[in-house]
Asker: 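Here you go, one structure.
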Amino acid sequence: MADVVITLKDGQERRAPRGTRGLDFIREELGGGLHKSAAALLVNGTVKDLTYPLTEDAQVEVLTCDDPRGLEAFRHTSSHILAQAVQRLYKGTKLGIGPAIKDGYYYDFDPEVNFTPEDLEKIEAEMENIVREDLPVERQEMSRQEASDFFKSRGELYKVELIEDLPEDTPISCYRQGEFIDLCAGPHLPSTGRVKALSLLNLAGAYWRGSEKRPMLQRIYGTSFPKKALLQDYLNRLEEAKKRDHRRLGQELGLFTLHDAGPGFPLFHPKGMVIRNELEKFWREEHEKAGYQEIKTPLILNRSLWEQSGHWDHFRENMYFTKIDDADYAVKPMNCPGGMLVYKSTMHSYRDFPLKLAEMGTVHRHELSGTLHGLMRVRSFTQDDAHIFMLPSQIEAEVEAVIDLVDRFYRVFGFKYHVELSTKPEKAMGSNEMWERATAALEKVLVKKEMAYIINEGDGAFYGPKIDFHLEDSLQRTWQCGTIQLDFQMPEKFDLTYVGEDGEKHRPVMIHRVIYGAIERFFALLIEHYGGAFPLWLAPVQVVVLPITDRHHGYAREVARLFKDKRVRVEVDSRSEKMGYKIREAQVNKVPYMLIVGDREMAEDAVSLRKRAEGDLGSFKTREILERVLQEIEEKK
RNA sequence: GCCGACGUAGCUCAACUGGCAGAGCAGCUGAUUUGUAAUCAGCAGGUUGCGGGUUCGAGUCCCACCGUCGGCUCCA
């Protein structure tokens, strides 16, 4: 039998006996330690097991854990080890699914008794045993019937359901390691001994197939790495991330608090308000430049308005209600109906378009108690909303302009973001044609701007599809912030009109959009992004003057006055404490500029500069530092 | 809303199997006059989330509720 010709990534060709397993090929032909660090193969562009037999000439690339696809196989095998350990320790536990995810893996179980955190330790110990046993992992294909019968005989009813839902033509494969066998498409590592470092992280409930109507399973999250040191790095990073948690920093820096008196209703303290106000100030400046006009609409409006807008039918379970003089009112969950009323109050001409009405609107939404999360997910929040009324022909240009505005804002803060296109949800208003037209319009702009985006099926607003902008928190969970929603519904519902060139009345098109999203959420993300060390323009206290002894207090106040006159947020720490103490406190409070003043500085009209991040920088003329501070504030660096 | 864990002073945390609620930081008072990340002393601070129950006795055990945390579902 002739050898097969294997073409490597760099174009080199190697020969191997037909049917050689990938792993053996790597060991024989490529040498080095590669067969040890390899996790999977890429054969003609498809990811395969390392045990995959090379029966044809092929392009082959070796994937290690440095490649996401290699790491995925590694983590996926880790999840099988988890499931094997659980089934050894807790007989009768049924298996759900167990995929690799970002930073690790999970497995869903239906145990006879729910797991406790102590169980995780036992399970982890058993996983270590399985790794030590170094069980070979073998792939085997089955017919649909075989697979179904097999899992039925084991009582694995969730697996049977999965098999039944697989498309007809999909080959069904299982992976076996020791006594454990799981329905799985693979690929997997060739043996369990390759998982050198693993750890279980936490325990949570998760509905079977993500549906609240299905049983709740027990999900165990874990992670694993090819080296112990990498696992330790990861655990250290988690610890570091906890220090950036906005809930912790918000408390430590005196920015906001949350109370039992109002779950999901945050209270902003003076220092938190300074930041909020700076964010709003920046927002107003930019929106004025971009041609927006600002409005303000009421917190509470009559029921009939919400019926007209469709919220009564589509959003009621998220709304709060009240009565005024025996009539039904609702607290607004969105700003759009109020915006509609403003629009309808006067006549509009096509010449006025695009008409951009912006509103810092505080909305209330009843969110499920289990979903509340610091400032990220609250029940009362302020949206930096705007409604853009326009001609159908203006849609693309306006969507593009908003995308540019979002980018302009996020850049100032140094945020990375990703974009999603959300399509028609189940509870939607309007015809399919309308939805398709609107979705296509949004997609067209994204394509034109060459933006990477993912499709978020069924996640649109009830009145239209949307482009969402997501930011990452300190644990790399993503949160939707900016959004651009195209709406053909509200103009219809509210009978909005404009007078066209032809003198006739026409229906305008509308965009709902936010840039920050919710100020609360954006603020939370900013706290985590900066780890509480805000850039100068946002810092609640920008400059603190630290007099060395009582006889320097007068001079310290003079220095502070110079800054205050230029609207710099400055404080003087005149307590009778040592310099080390005052500096430590300013440092802990993350004040960007510390100005130390003693005899030398007094004599020279100077200050000794210490910056939060750089430490002692020596003596400078006071005026020079003032200029520097003003410039840095201006540049928003 | 669902699953699990947790809830002690303003904050961070102690209190062995049920046996007198305690410390550090912050706060207040006083002393100290200080040169680049914590000066010393004293004082005050609590219906142990809320409500029931078991017990001679509950922070500790049981039940229900509220809240928080991690997820699921949902969403800015």
Side-chain angles (χ1 to χ4, degrees), chain A residues 106 108 114-120 201-221 245 247-248 251-252 254 257-264 315 317-318 333-334 361 363 365-379 381-385 422 425 459 461 466 468-471 475 477 479-483 485 512 514-522 524-525 546-553 575-588 594-601 608-612 615-619:
Chain A
Y106 68 77
D108 285 347
N114 280 352
F115 299 129
T116 66
E118 293 79 64
D119 291 328
L120 289 196
L201 300 173
N202 44 43
L203 183 61
Y207 296 111
W208 169 238
R209 307 195 104 179
S211 165
E212 66 213 308
K213 296 183 179 65
R214 309 298 303 270
M216 178 155 282
L217 307 182
Q218 296 276 301
R219 176 172 297 177
I220 297 176
Y221 285 91
D245 189 313
R247 293 165 299 192
R248 173 183 173 141
Q251 169 71 39
E252 285 173 3
T257 50
L258 289 153
H259 302 262
D260 288 1
F315 211 70
E317 66 275 23
N318 284 304
M334 292 189 195
V363 298
R365 293 185 191 172
H366 183 71
E367 302 293 351
L368 295 178
S369 59
T371 65
L372 300 179
H373 182 97
L375 288 188
M376 299 279 189
R377 190 73 192 278
V378 291
R379 286 175 171 159
F381 53 99
T382 301
Q383 293 182 307
D384 62 319
D385 220 338
S422 294
D459 207 41
K466 52 184 189 157
D468 297 325
F469 297 82
H470 293 247
L471 299 177
L475 288 170
R477 295 175 291 207
W479 299 86
Q480 185 191 314
C481 290
T483 177
Q485 312 179 345
H512 310 240
V514 290
I515 307 291
Y516 291 137
I519 304 290
E520 288 76 4
R521 177 177 290 181
F522 196 82
L525 287 160
L546 308 177
I548 288 168
T549 74
D550 289 359
R551 67 177 178 280
H552 308 119
H553 286 183
R575 294 174 302 175
S576 64
E577 296 289 352
K578 290 188 180 175
M579 199 39 53
Y581 182 91
K582 295 185 186 183
I583 285 173
R584 179 169 198 282
E585 187 151 298
Q587 202 75 45
V588 165
M594 287 164 247
L595 307 182
I596 292 136
V597 296
D599 291 336
R600 295 199 294 269
E601 289 77 11
S608 178
L609 173 63
R610 182 187 170 97
K611 287 188 75 175
R612 177 176 65 193
D616 187 1
L617 296 174
S619 187

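So you know, we letter chains A, B, ... as the sequences are listed, proteins then strands, and number each from 1.
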Asker: Tell which nucleotide pairs with B/A41, taking only Watson-Crick or G-U wobble pairs whose two distances are both under 3.5 angstrom.
Answerer: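 The answer is B/U29, by the H-bond criterion.
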Asker: At under 4.0 Å, does any side-chain N or O of A/T549 touch on OP1 or OP2 of B/U34?
Answerer: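 No.
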Asker: Please name the nucleotide paired to B/A5 by Watson-Crick or G-U wobble geometry with both distances under 3.5 Å, or report none.
Answerer: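 Result: B/U68.
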Asker: Between A/W208 and A/K466, just flag the one whose closest nucleotide in RNA chain B comes earlier from the 5' side.
Answerer: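 Checking each residue's closest nucleotide, the 5'-ward one belongs to A/W208.
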Asker: Is A/M376 touching bases, backbone alone, or none of the nucleic acid, heavy atoms closer than 4.0 Å?
Answerer: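 The residue A/M376 makes base contact.
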Asker: List the atom of A/M376, the atom of A/L525, and the distance in Å for their closest heavy-atom pair.
Answerer: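 Reported closest heavy-atom pair: CE-CD2, 3.7 Å.
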Asker: Between A/R477 and A/W479, what is the shortest heavy-atom contact and its length?
Answerer: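 It is O-CD1, 3.5 Å.
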Asker: To the nearest Å, how far apart are A/H259 NE2 and B/G10 P?
Answerer: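 From A/H259 NE2 to B/G10 P: 12 Å.
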Asker: Using a heavy-atom cut-off of under 4.0 Å over every strand shown, decide if A/E118 touches base, sugar-phosphate, or nothing.
Answerer: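 Answer is nothing: A/E118 stays at 4.0 Å or more from every strand.
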Asker: For the pair made of CG in A/D108 and P in B/C3, what is the distance, rounded to whole Å?
Answerer: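 Checked: the CG to P distance equals 16 Å.
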Asker: Taking A/D599's backbone N and O only, do any of them form a donor-acceptor pair with A/H552's side chain (distance below 3.5 Å, no angle check)?
Answerer: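 Yes, A/H552 side chain to A/D599 backbone: donor-acceptor pair under 3.5 Å.
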Asker: For a quick check of understanding: with a heavy-atom distance under 4.0 Å over all strands, which category does A/L201 fall into, base, sugar-phosphate or nothing?
Answerer: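 It contacts nothing in the nucleic acid.
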Asker: According to salt bridge (charged side-chain N to carboxylate O under 4.0 Å, His left out), does anything in residues 576-587 of chain A pair up with another residue at least two apart or in another chain? List the pairs.
Answerer: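 Checked against salt bridge (charged side-chain N to carboxylate O under 4.0 Å, His left out) - neighbours excluded - the pairs reaching residues 576-587 of chain A are A/R575-A/E585.
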Asker: Name the residue closer to the 5' end of RNA chain B, choosing between A/F115 and A/Y221 according to the nucleotide with the nearest heavy atom.
Answerer: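 On the 5' side of the pair lies A/F115.
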Asker: Could you check which of B/U36, B/U33, B/C75 has an atom nearest any side-chain atom of A/I596?
Answerer: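 When the side chain of A/I596 is considered, B/U36 is the closest of B/U36, B/U33, B/C75.
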Asker: Hey, are A/T549 and A/R551 close enough side-chain-wise for a donor-acceptor pair under 3.5 Å?
Answerer: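 The criterion, which ignores hydrogens and geometry beyond distance, is satisfied for A/T549 and A/R551.
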Asker: In terms of side-chain heavy atoms of A/D459, which of B/C75, B/U68, B/G70 is nearest?
Answerer: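 The listed nucleotide nearest to A/D459's side chain is B/C75.
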Asker: Using a 4.0 Å cut-off on heavy atoms, which residues in residues 514-522 of chain A reach RNA chain B? List them by number, or say none.
Answerer: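 Contacting residues: A/G517, A/A518, A/R521.
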Asker: Considering only side-chain heavy atoms of A/I583, which listed nucleotide, B/C72, B/U68, B/U36, is closest?
Answerer: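 Taking heavy atoms from C-beta onward, the closest nucleotide is B/U36.
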Asker: Record whether the side chain of A/Y207 comes under 3.5 Å of the base of B/G71 through a donor-acceptor pair of N or O atoms.
Answerer: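 Not at all, since no donor on one side and acceptor on the other fall under 3.5 Å apart.
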Asker: For the side chain of A/T371, starting at C-beta, report the closest nucleotide among B/U68, B/C72, B/G35.
Answerer: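 Nearest to the side-chain atoms of A/T371, counting from C-beta on, is B/C72.
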Asker: Could you tell me the separation between the CD atom of A/Q251 and the P atom of B/C25, rounded to a whole number of Å?
Answerer: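 The distance from CD of A/Q251 to P of B/C25 comes to 18 Å, rounded to the nearest Å.
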Asker: Does A/R477 make a side-chain N or O approach to OP1 or OP2 of B/G71 shorter than 4.0 Å?
Answerer: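 For A/R477, the contact criterion (side-chain N or O under 4.0 Å from OP1 or OP2 of B/G71) is met.
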Asker: Rounding to an integer number of Å, can you tell me how far A/N114 CG sits from B/G70 C1'?
Answerer: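 One finds 15 Å between C1' of B/G70 and CG of A/N114, rounded.
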Asker: May I ask you to verify whether the side chain of A/S576 and the base of B/U32 hold a donor-acceptor pair under 3.5 Å?
Answerer: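 Between B/U32 and A/S576, which were checked side chain against base, a qualifying N/O pair under 3.5 Å is present.
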Asker: Could you tell me whether A/M579 contacts a base, only the sugar-phosphate backbone, or nothing, with contacts defined as non-hydrogen atoms closer than 4.0 Å?
Answerer: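 Answer is sugar-phosphate: A/M579 comes under 4.0 Å of backbone atoms only.
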Asker: So does A/H552 get a side-chain nitrogen or oxygen closer than 4.0 Å to the phosphate oxygens (OP1/OP2) of B/U34?
Answerer: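 No, because none of the side-chain N or O atoms of A/H552 sits under 4.0 Å from OP1 or OP2 of B/U34.
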Asker: To check you understand the geometry: which heavy-atom pair defines the closest contact between A/I548 and A/G598, and what is its length?
Answerer: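 So the two residues come closest at CD1-CA, 3.9 Å.
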Asker: When you measure only distances, ignoring hydrogens and angles, does the side chain of A/R377 come within 3.5 Å of the base of B/C74 through a donor and an acceptor?
Answerer: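 Yes, the side chain and the base share a sub-3.5 Å donor-acceptor pair.
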Asker: Identify the nucleotide, in any strand shown, that forms a Watson-Crick or G-U wobble pair with B/U17, with both distances under 3.5 Å; if there is none, say none.
Answerer: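 None - no nucleotide pairs with B/U17, as no candidate has both distances under 3.5 Å.
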Asker: Rounding to a whole Å, what distance do you find between A/D599:CG and B/U34:P?
Answerer: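 My rounded result for the distance is 9 Å.
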Asker: Measuring to OP1 and OP2 of B/C72, would you say a side-chain N or O of A/R209 lies under 4.0 angstrom away?
Answerer: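 No, A/R209 has no side-chain N/O under 4.0 Å of OP1/OP2 on B/C72.
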Asker: Name the closest nucleotide to the A/R219 side chain, picking from B/C72, B/A5, B/G1.
Answerer: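 For A/R219, the side-chain atoms sit closest to B/C72.
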Asker: Output the single nucleotide from B/G1, B/A76, B/G70 whose closest atom is nearest the side chain of A/Q480.
Answerer: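 Selected nucleotide: B/A76.
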Asker: Provide the closest heavy-atom pair for A/T116 versus A/L203 in the form atom of the first, atom of the second, distance.
Answerer: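 Taking every non-hydrogen atom into account, C-CD2, 3.9 Å.
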Asker: Can you tell me how far C1' of B/U34 sits from CG of A/L546, to the nearest Å?
Answerer: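 Distance check: A/L546 CG to B/U34 C1' gives 13 Å.
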Asker: Can you tell which of B/A76, B/U33, B/C72 lies closest to the side chain of A/V378?
Answerer: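 Given the options B/A76, B/U33, B/C72, the side chain of A/V378 is closest to B/A76.
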Asker: Give the rounded distance in Å between these two atoms: NZ of A/K578 and C1' of B/U32.
Answerer: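 Rounding to the nearest Å, NZ of A/K578 and C1' of B/U32 are 9 Å apart.
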Asker: Could you tell me which residues satisfy side chain to side chain contact (heavy atoms under 4.5 Å, CB included) with A/Q587, sequence neighbours excluded, listed by chain and number?
Answerer: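 Side chain to side chain contact (heavy atoms under 4.5 Å, CB included) list for A/Q587, sorted by chain: A/I583, A/M594, A/R610, A/R612.
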Asker: Can you tell which of B/G35, B/G67, B/G1 lies closest to the side chain of A/L368?
Answerer: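 The listed nucleotide nearest to A/L368's side chain is B/G1.
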Asker: Rounded to the nearest Å, what distance is computed from the CZ atom of residue A/R247 to the C1' atom of nucleotide B/C69?
Answerer: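 Those two atoms, CZ and C1', are 7 Å apart.
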Asker: Kindly confirm whether the side-chain ring of A/Y581 is stacked on the base of B/A37, judged by centres under 5.5 Å and planes under 30°.
Answerer: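 No, the aromatic ring of A/Y581 does not stack with the base.
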Asker: Give a yes or no answer on whether the side chain of A/D468 reaches the backbone of A/C481 with a donor-acceptor pair at less than 3.5 Å.
Answerer: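 Pair absent, no side-chain N/O of A/D468 close to backbone of A/C481.
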Asker: Considering only heavy atoms and no angle criterion, is a donor-acceptor pair shorter than 3.5 Å present between the side chain of A/Q218 and the base of B/G71?
Answerer: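 Answer no: no donor N or O sits under 3.5 Å from an acceptor.
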